[in-house]
Amino acid sequence: MTDAREAVFEGGGREVAAAWFHQICTIHDTVFSVAPFAWVPEMSQGHQRELESLMAVPGFSAVVAKQAGSLVGYAYGHPLAVDHGWWRDFTHPLPADLVREWEGRTFGVISLGVLAAWRGRGIGKRLMGELLRDRKEQRGVLSVQPTALSTQSVYRHLGWHRVGRKGPLHGVTPPYWDIYVRELNGEPA
């Protein structure tokens with residue numbers, strides 16, 4: 001039986017993501033290319049391009065979990081710009097105070113993945129906690145595929161609240177995403 005104490009966590013910015021780039025991408029593809037997630041082969045290269053681009057965003061943060069020199073999980077995100085557009089295209093209107101944005105208000109958790117053999121052992125919780133621990137933003141936001149019910153359950157357990165569903169998003173797989181928000185107060189997730 002493995003647990004979070006057997007994994008070593010490393011956090012930082014671009015340098016961490018760059019050092020572990022290929023393993024992050026491999027874990028991403030391994031995790032998100034199987035049910036309950038919707039997947040098309042183009043998502044692999046799309047993720048690589050997105051991660052390369054996000055690594056240049058000011059405030060980008062990444063955390064990896066390693067065991068015996070190999071990654072078992074990762075999480076990364078960045079502060080959202082005021083004009084990021086995250087709050088558009090919802091199936092139902094959202095409250096004005098939720099969608100109001102200002103510099104430094106929101107940190108977007110863009111991706112978190114843990115290999116199947118390491119799930120249920122606190123790795124995802126620790127990755128999220130490490131990623132968010134020192135954030136100065138008021139809140140975090142993340143998106144989850146609607147079919148990923150167990151993933152949504154984990155996020156709710158960690159204090160995230162579903163605020164709505166985005167979509168349909170044209171040219172995106174899947175076309176709908178559930179959006180979760182959580183207040184950040186310097187405490188780990």
Side-chain angles (χ1 to χ4, degrees), residues 1-4 7 9 23-44 46-47 50-51 54 61-65 67 71-78 80 84-95 98-99 106-133 135 139-184 187-189:
M1 182 83 143
T2 57
D3 65 25
F9 293 80
Q23 287 192 47
I24 290 171
C25 292
T26 298
I27 290 175
H28 174 272
D29 294 355
T30 300
V31 168
F32 296 109
S33 65
V34 297
F37 301 103
W39 178 266
V40 293
E42 297 80 28
M43 291 173 86
S44 180
H47 172 257
E50 177 185 45
L51 179 53
L54 292 177
S61 295
V63 179
V64 295
Q67 200 280 330
L71 287 196
V72 298
Y74 73 87
Y76 63 81
H78 64 86
L80 298 184
H84 58 75
W86 197 289
W87 304 116
R88 290 192 291 258
D89 303 316
F90 277 78
T91 58
H92 295 89
L94 297 176
L98 176 68
V99 301
T106 307
F107 182 81
V109 177
I110 305 302
S111 189
L112 185 151
V114 177
L115 292 174
W118 285 82
R119 291 183 200 144
R121 293 167 170 80
I123 300 294
K125 177 180 180 179
R126 178 92 182 269
L127 284 165
M128 185 69 79
E130 294 290 326
L131 183 67
L132 299 177
R133 179 183 33 232
R135 299 307 316 174
R139 65 183 180 184
V141 64
L142 58 81
S143 60
V144 183
Q145 293 189 21
T147 55
L149 299 179
S150 63
T151 301
Q152 293 196 35
S153 178
V154 168
Y155 287 137
R156 285 191 303 275
H157 178 74
L158 295 176
W160 293 85
H161 304 281
R162 184 179 176 276
V163 296
R165 180 167 286 174
K166 281 181 74 85
L169 303 173
H170 302 288
V172 176
T173 301
Y176 291 93
W177 292 81
D178 289 339
I179 305 302
Y180 282 75
V181 171
R182 185 188 140 204
E183 294 300 310
L184 303 180
E187 296 294 317

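All values derive from a computational prediction rather than experimental measurement.
- Counting heavy atoms from C-beta on, the side chains of T173 and M43 come closer than 4.5 Å.
- For H78, the side-chain hydrogen bond (donor to acceptor under 3.5 Å, both in side chains) criterion is met by no residue, not counting sequence neighbours.
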Audit row: Y176, L169, side chain to side chain contact (heavy atoms under 4.5 Å, CB included) steps and yes/no
CA-CA 6 Å; Y176 291 93; L169 303 173; over 6 Å; no
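- Counting all heavy atoms, side chain and backbone alike, W118 lies closest to A7 at CZ3-CB, 4.2 Å.
- If you take OG on S111 and CG on L54, they are separated by 10.0 Å, rounding to the nearest 0.5 Å.
- Scanning all heavy atoms of the two residues, the minimum distance from K166 to R88 falls at NZ-O, 2.5 Å.
- Checking side-chain atoms of Q23 against main-chain N and O of G73 turns up no donor-acceptor pair under 3.5 Å.
- Take F37 and apply the ring-ring contact (aromatic ring centres under 6.0 Å, His included) test, not counting sequence neighbours, and it matches F32.
- In this structure, T147 has no side-chain hydrogen bond (donor to acceptor under 3.5 Å, both in side chains) partners at least two apart in sequence or on a different chain.
- Sorted by first and then second residue, the side-chain hydrogen bond (donor to acceptor under 3.5 Å, both in side chains) pairs with a member in residues 31-43 form an empty list; sequence neighbours excluded.
- Here the shortest heavy-atom pairing between P36 and A148 reads CG-CA, 3.8 Å.
- Taking both residues in full, the closest heavy atoms of L80 and G108 are given as CG-N, 3.9 Å, listed atom of the first, atom of the second, then distance.
- Residues forming a side-chain contact (heavy atoms from CB on, under 4.5 Å) with A75 (at least two apart in sequence, or on another chain): L112, L127, L131.
- Under the 4.5 Å side-chain criterion, counting only non-hydrogen atoms from C-beta, V141 is not in contact with V109.
- Between H47 and I24, the closest side-chain pair of non-hydrogen atoms falls below 4.5 Å.
- The main-chain N or O of V114 is found under 3.5 Å from a side-chain atom of R119 such that the two form a donor-acceptor pair.
- Between V63 and Y76, the closest side-chain pair of non-hydrogen atoms is not below 4.5 Å.
- Annotation: salt bridge (Lys or Arg N to Asp or Glu O under 4.0 Å) contacts of R139 (sequence neighbours excluded): E101.
- Here the straight-line distance linking atom CD1 of I110 with atom OG of S61 works out to 11.5 Å at 0.5 Å rounding.
- Note that the SG atom of C25 and the OH atom of Y74 stand 8.0 Å from one another [nearest 0.5 Å].
- Shortest non-hydrogen contact noted between S143 and W86 is N-CZ2, 4.1 Å.
- A donor-acceptor pair under 3.5 Å is absent between the side-chain atoms of E130 and the main chain of F9, judged by distance alone.
- Closest heavy-atom contact between W177 and P146: CA-CD, 4.1 Å.
- Once rounded to the nearest 0.5 Å, the distance linking CZ of R162 with CZ of R156 reads 9.5 Å.
- From L115, atom CG reaches atom CD of Q67 across 11.0 Å, with rounding to the nearest 0.5 Å.
- Checked against side-chain contact (heavy atoms from CB on, under 4.5 Å), V163 has the following partners two or more places apart in sequence or in another chain: W87, L98, I179, V181.
- Residues passing the ring-ring contact (aromatic ring centres under 6.0 Å, His included) test with Y180, sequence neighbours excluded: none.
- Side-chain atoms of H92 do not come within 3.5 Å of backbone N or O of F90 as any donor-acceptor pair.
- Shown here are the side-chain hydrogen bond (donor to acceptor under 3.5 Å, both in side chains) partners of Y155, two or more places apart in sequence or in another chain: there are none.
- By the side-chain hydrogen bond (donor to acceptor under 3.5 Å, both in side chains) test, R165 pairs with D178, sequence neighbours left out.
- Rounded to the nearest 0.5 Å, atoms CZ (R126) and CZ (R133) are 7.5 Å apart.
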